[in-house]
Novice: 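Sharing a structure here in structure tokens format.
Each chain gets a letter, A, B and so on, in the order the sequences are listed, and its residues count up from 1.
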There are 2 protein chains.
Amino acid sequence: MKISDLARRSGFSTDTLRYYEKIGLVPRAARDAGGRRVYDASTLTWLAFLDRLRATGMPMRDRLTYARLRAKGDHTGPERRQLLEAHRDEVRARVAQLQDCLTVLDTKIDSYPKGKANDPAPTDRPTDTP
Amino acid sequence: MKISDLARRSGFSTDTLRYYEKIGLVPRAARDAGGRRVYDASTLTWLAFLDRLRATGMPMRDRLTYARLRAKGDHTGPERRQLLEAHRDEVRARVAQLQDCLTVLDTKIDSYPKGKANDPAPTDRPTDTP
DNA sequence: CCTTGACCTGGAGCGCGCTCCAACTCCTAC
DNA sequence: GTAGGAGTTGGAGCGCGCTCCAGGTCAAGG
């Protein structure tokens, strides 16, 4: 698989893929005779998981830590587990926070008239309640 | 209330508060005789709500749009409502995505041995499953 | 052959959302 | 009256995570 294929299948741009390799998030890819990167399917699996970490807001430095542990070998399993457990806790907290915010949003939305956007103006001063 | 009080009570730094005023996210504060900003409690309410919008990932440009509508007056209620409804949908989608990611995380975590981080190494090659 | 286009590298640039700075003014306490 | 601390302004700088660019190499199609 060449980089353009991996890009298409992973959803990351080729620039991002090269960037990820440069910073060590993805192991250095094998090269063909002409120096071009060659990937196998396992990279795709790894990228998909990285994307989950990213989607859940894990900062780059932690993804990098995780990637380095992974590169070190199977014996880093427990450390990686700890990292993921800590991250899971944060994601759970984030979900709880978002759900909390959702009730605030719902309340706020209910406080506004439902009509279409170009209704007659009742007053013309800034609202005091946000 | 002076800016340092508002900062303490809102959780935003004084720099951020001035920045928010500069870009129009917060209406220009009244000034005392010496040119210092003076706030009333309503600003705090507004900031708390802004913080919810921020916490739920609403981008600055949308918060700005919302702030401008608010500044325009009560008759923008329906528009604001639309904005918030759209945002709420995004937050809901985000929560769903996070919950989805959580199950992936859980599965991944279960796949790692539970022992403490300095366990004996079973192999020493990079893991194929991320 | 020669063109085309995908790929390579190192490094610069960017958008976001602040954060910090210099240089100044003003109020308060001693 | 003077030192210190909190406030003011405009503008520069920063960390993150890419994104883009110049200038080159290489392989395949016509």
Side-chain angles (χ1 to χ4, degrees), chain A residues 1-40 43-44 46-68 87 90 94 97 101, chain B residues 1-40 43-44 46-68 87 90 94 97 101:
Chain A
M1 200 177 356
K2 17 178 225 171
I3 196 167
S4 55
D5 300 324
L6 187 62
R8 190 175 29 77
R9 294 172 65 180
S10 70
F12 291 102
S13 73
T14 57
D15 271 327
T16 300
L17 291 174
R18 280 188 284 256
Y19 168 70
Y20 278 3
E21 177 176 314
K22 180 153 61 182
I23 65 172
L25 202 54
V26 166
R28 179 175 164 82
R31 308 299 159 115
D32 67 11
R36 289 168 168 73
R37 289 171 180 80
V38 181
Y39 297 96
D40 57 19
T43 309
L44 199 52
W46 172 229
L47 283 172
F49 186 66
L50 272 181
D51 201 25
R52 295 288 189 159
L53 295 182
R54 184 182 65 158
T56 48
M58 184 187 278
M60 187 58 104
R61 91 189 79 90
D62 295 350
R63 277 178 278 162
L64 216 39
T65 301
Y66 185 85
R68 286 188 187 124
H87 180 56
E90 271 163 32
R94 178 113 191 85
Q97 186 200 22
C101 287
Chain B
M1 199 177 359
K2 21 179 221 167
I3 197 166
S4 55
D5 299 325
L6 187 63
R8 191 175 27 77
R9 293 172 66 179
S10 69
F12 291 102
S13 73
T14 57
D15 272 326
T16 300
L17 291 174
R18 280 187 284 255
Y19 167 70
Y20 279 4
E21 177 175 315
K22 180 153 60 182
I23 66 172
L25 202 53
V26 166
R28 178 175 165 83
R31 310 298 159 116
D32 68 10
R36 291 169 167 72
R37 288 170 180 80
V38 180
Y39 297 95
D40 57 19
T43 309
L44 199 53
W46 172 229
L47 283 172
F49 187 66
L50 272 181
D51 201 26
R52 296 288 188 160
L53 295 183
R54 184 182 66 156
T56 48
M58 184 187 277
M60 188 59 103
R61 91 190 80 90
D62 295 351
R63 277 178 276 163
L64 216 39
T65 302
Y66 185 84
R68 286 189 188 123
H87 181 55
E90 272 163 31
R94 177 116 192 84
Q97 185 199 23
C101 287

Novice: Are Asp5(A) and Lys2(A) ion-paired here, with the side-chain N under 4.0 Å from a carboxylate O?
Specialist: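 A salt bridge is absent here (no side-chain N lies under 4.0 Å from a carboxylate O).
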Novice: From the 5' end of DNA chain C to its 3' end, which nucleotides mark the outer limits of contact with chain B, defined by a 4.0 Å heavy-atom distance cut-off (strictly under)?
Specialist: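 Nucleotide range in contact with chain B: dG17(C) to dC27(C).
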Novice: Does Trp46(A) form a side-chain contact (heavy atoms from CB on, under 4.5 Å) with Val26(A)? I'd like the steps, not just the answer.
Specialist: CA-CA 8 Å; Trp46(A) 172 229; Val26(A) 166; 4.1 Å; yes
Novice: I want to check something: taking the side chain as every heavy atom from C-beta on, are Arg9(A) and Leu47(A) in contact at a cut-off of under 4.5 Å?
Specialist: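 No, side chains not in contact.
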Novice: Determine, stepwise, if the pair Thr56(B) / His87(B) fulfils side-chain contact (heavy atoms from CB on, under 4.5 Å).
Specialist: CA-CA 9 Å; Thr56(B) 48; His87(B) 181 55; 2.7 Å; yes
Novice: Can you sort out which residues in residues 2-9 of chain A have a heavy atom within less than 4.0 Å of DNA chain C? Ascending by number, please.
Specialist: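 Result for residues 2-9 of chain A: Lys2(A), Ile3(A), Ser4(A), sorted by number.
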Novice: May I ask you to decide if the ring planes of Phe49(A) and Tyr66(A) are parallel, tilted or perpendicular, using 30° and 60° as cut-offs?
Specialist: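 Phe49(A) vs Tyr66(A) ring planes: tilted.
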Novice: Is the closest basic N to carboxylate O distance between Asp51(B) and Arg54(B) below 4.0 Å?
Specialist: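 Answer for the salt bridge query: yes.
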Novice: Which residues in residues 14-29 of chain A have a heavy atom closer than 4.0 Å to any atom of DNA chain C?
Specialist: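 By residue number: Arg18(A), Lys22(A).
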Novice: Distance check needed: dC26(D) C1' versus Asp32(A) CG, whole Å only.
Specialist: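 From Asp32(A) CG to dC26(D) C1': 9 Å.
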Novice: Look at the side chain of Arg63(A) and the backbone N and O of Leu25(A), then say whether any donor-acceptor pair between them is shorter than 3.5 Å.
Specialist: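 A pair under 3.5 Å: no.
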Novice: Hey, could you give me the SG/CE distance between Cys101(B) and Met58(A), rounded to the nearest 0.5 Å?
Specialist: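 One gets 11.0 Å once the value is rounded to the nearest 0.5 Å.
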Novice: Apply side-chain contact (heavy atoms from CB on, under 4.5 Å) to the pair Arg37(B) and Arg18(B), showing each step before the final yes or no.
Specialist: CA-CA 9 Å; Arg37(B) 288 170 180 80; Arg18(B) 280 187 284 255; 3.5 Å; yes
Novice: I want to confirm an ordering. Mapping Arg37(B) and Arg61(A) to their closest nucleotides on DNA chain D, which one lands closer to the 5' end?
Specialist: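 It is Arg37(B) whose nearest nucleotide is closer to the 5' end.
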Novice: Could you tell me the separation between the NZ atom of Lys22(A) and the CG atom of Asp15(A), rounded to the nearest 0.5 Å?
Specialist: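 Taking NZ in Lys22(A) and CG in Asp15(A), the distance rounds to 9.0 Å.
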Novice: Between Arg36(B) and Val38(A), who's closer to the 5' end of DNA chain C by nearest nucleotide?
Specialist: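 Result of the comparison: Val38(A).
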